[in-house]
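A quick write-up on the structure given underneath.
Positions are given from 1, in the same order as the sequence printed here.
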Amino acid sequence: MATKRTLLQRQLDDSSSDDDDELEIVAAAAIVNNFVNVKKKHGGSVKGRRFLRRDREGGHERMFQDYLTVNPTYGLEIFRRRYRMSRELFVRIMNAVEAHDDYFVQKRNAANVLGLSCFQKITAAMRMMTYGVPADATDEYVRIGESTALESLRRFVEAVDEIFGEEYLRYPNEADTARLLAIGEQKGFPGMLGSIDCMHWAWKNYPYEKQGQYKGHVEKPTIILEAVASDDLWIWHAFFGMPGSHNDINVLHRSPLFDNLAEDGIYPTWATLVKSITAPMGNKRQYFAKAQEAARKMVERAFGVLQSRYAIVRGPGRMWDIETLSKIMRACVIMYNMIVEDEGFVVDPNERFEYGGQNVEPEHGKPTRSLEEYIEAQRKIRDKDTYVQLKEDLIEHLWNNHPDLYSYNI
């Protein structure tokens, strides 16, 4: 191997080579570099590749006129349909991302030519997320190359998570918990914080050696999202990354969902999961099954809205690594919650797009419970006798105190 590299270096240093020889040498260099696992640096022109004059500056001006001027070509309603959020919220996110990551700041190159604007880079990322299109499909309008579009997507989702994740993908604090418990009480389920379920995201570009690990009942490799949503469609918990071969119970056992219940005293110590009744017998149990299934629709509606707003999580994931897919999913959930808040917690769960309260300050307090208290809380959460008794109490409570909330067939 050392002989080959030495010969190659001598050839590269030979200034008398003609163009064809130079192309052959560059190709040989690429092969040798791959063979010895030498990572090539990204960027710069590639000899022999056609250069496209995309008119990036003109592209930005047209996009700005289309959407962001005082009198845009496409009004606020069309902006919301294209970007899946209000223009005001989009501008807020764009300004925050630009201030957070210098990559999105528009710069001039060595020839004093303006590069891509923050609006162009984020629009390319948003088009891939909202429409689920591949990176090269954004080029004609945004005037952005495929590799730059992919890099913009990766940097954008990472920035969204770092800037907004702590606030918009938080666990309920004390005020949130009190409000959610009050909503649960009105629906006949005292102590209910939300509804939990799992969603599978198909993975197209999975490594072949992981096919068996990620292939489950849907007969294609998938990655699982576990989420908890409340009646206002806010997603309070998102645990993503488990292989599709796992079922919901296996995901739950590995999920950090109950860690906060055991660590933080603001949650009820008797909090648990309440399942429906498969074959209910008698009026009370039939009524309970109907009510429980209606309450369970919360997270199903949230999944529907999430996939409607962000088609990228409805179609097969095209990225090659789990880390990038996880960041994309987290960013989608974070912006989803921002949209729910921006639209006043009145998002229509049945709204479908073509193709595809008050802000709460994050809490930074450390757990106040000792290890012994944490273990005892975990035991209570998983106690079967407590679960059975709670379910029986809920059946009686619902039948005696909320007889007219839900309809059922006897």
Should M338 and E343 be marked as a side-chain contact (heavy atoms from CB on, under 4.5 Å) after you check the CA-CA gap, both sets of side-chain angles, and the distance that decides it? CA-CA 9 Å; M338 297 178 76; E343 299 189 0; over 6 Å; no
Can we call the ring centroids of W203 and W201 under 6.0 Å apart? no
Please check if the side chain of R56 supplies one atom and the backbone of R53 the other of a donor-acceptor pair under 3.5 Å. no
Under 4.0 Å between a Lys/Arg side-chain N and an Asp/Glu carboxylate O for E323 and K327? no
salt_bridge(E140, R127) N-O dist < 4.0 Å: no
Pair R154 + D321, salt bridge at N-O below 4.0 Å: no
One thing to verify: whether R92 and D342 come together as a salt bridge, which I'm taking to mean a side-chain N less than 4.0 angstrom from a carboxylate O. no
If I take atom OG from residue S326 and atom CD1 from residue I223, how far apart are they, to the nearest 0.5 angstrom? 6.5 Å
Check: V91 main-chain N/O paired with N95 side-chain donor or acceptor under 3.5 Å: yes
Got a sec: does the NZ of K204 have more than 12 other heavy atoms crowding it under 6.0 Å? no
Hey, are E158 and R155 close enough for a salt bridge, meaning a charged N less than 4.0 Å from a carboxylate O? no
Within 6.0 angstrom of E88 CD, more than 12 heavy atoms from elsewhere: no
Centroid-to-centroid, F79 to F90, below 6.0 Å? yes
Has R80 got its NZ or CZ under 6.0 Å from the middle of the six-membered ring of F353, at an angle within 45 degrees of the ring axis? no
Please work out which of the three classes, parallel, tilted or perpendicular, describes the rings of Y168 and F164, given edges at 30° and 60°. perpendicular
Could you grab the distance from atom OG1 of T148 to atom CG of L116, nearest 0.5 Å is fine? 6.5 Å
Taking D197 for the side chain and V299 for the main chain, is one N or O donor matched with an acceptor at less than 3.5 Å? no
Between T177 and E174, is there a side-chain donor-acceptor contact under 3.5 Å, judged purely by atom types and distance? no
Main-chain N/O of C118 paired with E98 side-chain donor or acceptor, under 3.5 Å: no
Separation of Q307 CD from R309 CZ (nearest 0.5 Å): 13.5 Å
Row check, F156 ring normal vs K121 NZ/CZ: under 6.0 Å, within 45°: no
Minimal heavy-atom distance between I339 and R84, with the atoms involved, is CD1-O, 3.3 Å
Below 4.0 angstrom, N of the basic side chain to O of the carboxylate: do D231 and K187 qualify? yes
Evaluate the criterion salt bridge (Lys or Arg N to Asp or Glu O under 4.0 Å) for residue pair R179 and D232; output intermediate values, then yes/no. CA-CA 11 Å; R179 180 175 62 85; D232 56 13; 3.2 Å; yes
